[in-house]
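Quantities reported herein were computed from a predicted structural model and do not represent experimental measurements.
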Amino acid sequence: MADLDRIVRLKTVLARTGLSRSTLYRKIGEGTFPRQVPISVHGAGWHESSINRWINDPAGFRVDERGR
C-alpha cells in the first residue's frame, strides 16, 4: 500500500511547531512555511510531510514548486 500523506489542521500545526497563529500566517506570506491545502469550501490543512520538513530545518525551509 502506498504511503499516504496525512492532512493536519491548524490546531495540530500550532502544537507541533510552537508558533503562534499570527507568526504562522506571516511565515506563509514570506514563503518560509508551507502553504495550506484546501480540503473543503471553508476548510484547509497542511500536508504532514511539509510540516515535518519545516520542523527538521525551520531556518532553511523554502516553499517548493508545489507550495509545500
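With sequence neighbours excluded, the residues satisfying side-chain contact (heavy atoms from CB on, under 4.5 Å) with T32 are K27, E30, R62. Residues passing the side-chain hydrogen bond (donor to acceptor under 3.5 Å, both in side chains) test with R6, sequence neighbours excluded: E48.
In this structure, R21 places its CZ atom where only 12 or fewer heavy-atom neighbours from other residues, nucleotides or ligands lie under 6.0 Å away.
Not one N or O on the side chain of D5 forms a donor-acceptor pair closer than 3.5 Å with the backbone of H47.
Between N56 and P58 the shortest heavy-atom distance is C-CD, 3.9 Å. Across L19 and L24, no two heavy atoms sit closer than the pair CD1-CA, 4.3 Å. In this structure, W46 and P34 approach most closely via the heavy-atom pair NE1-O, 3.0 Å.
Ring pair F61/F33 is tilted by interplanar angle, where 30° to 60° counts as tilted.
Grouping the Ile, Leu, Val, Met, Phe, Trp and Tyr side chains by contacts below 4.5 angstrom, directly or via other members, places I39 apart from I28.
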Donor-acceptor pairs under 3.5 angstrom involving side-chain atoms of residues 7-16: please list them, not counting sequence neighbours.
| residue | atom | partner | partner atom | Å |
| --- | --- | --- | --- | --- |
| R9 | NE | A44 | O | 3.1 |
| R16 | NH1 | N52 | OD1 | 3.1 |
| R16 | NH2 | N52 | OD1 | 2.5 |

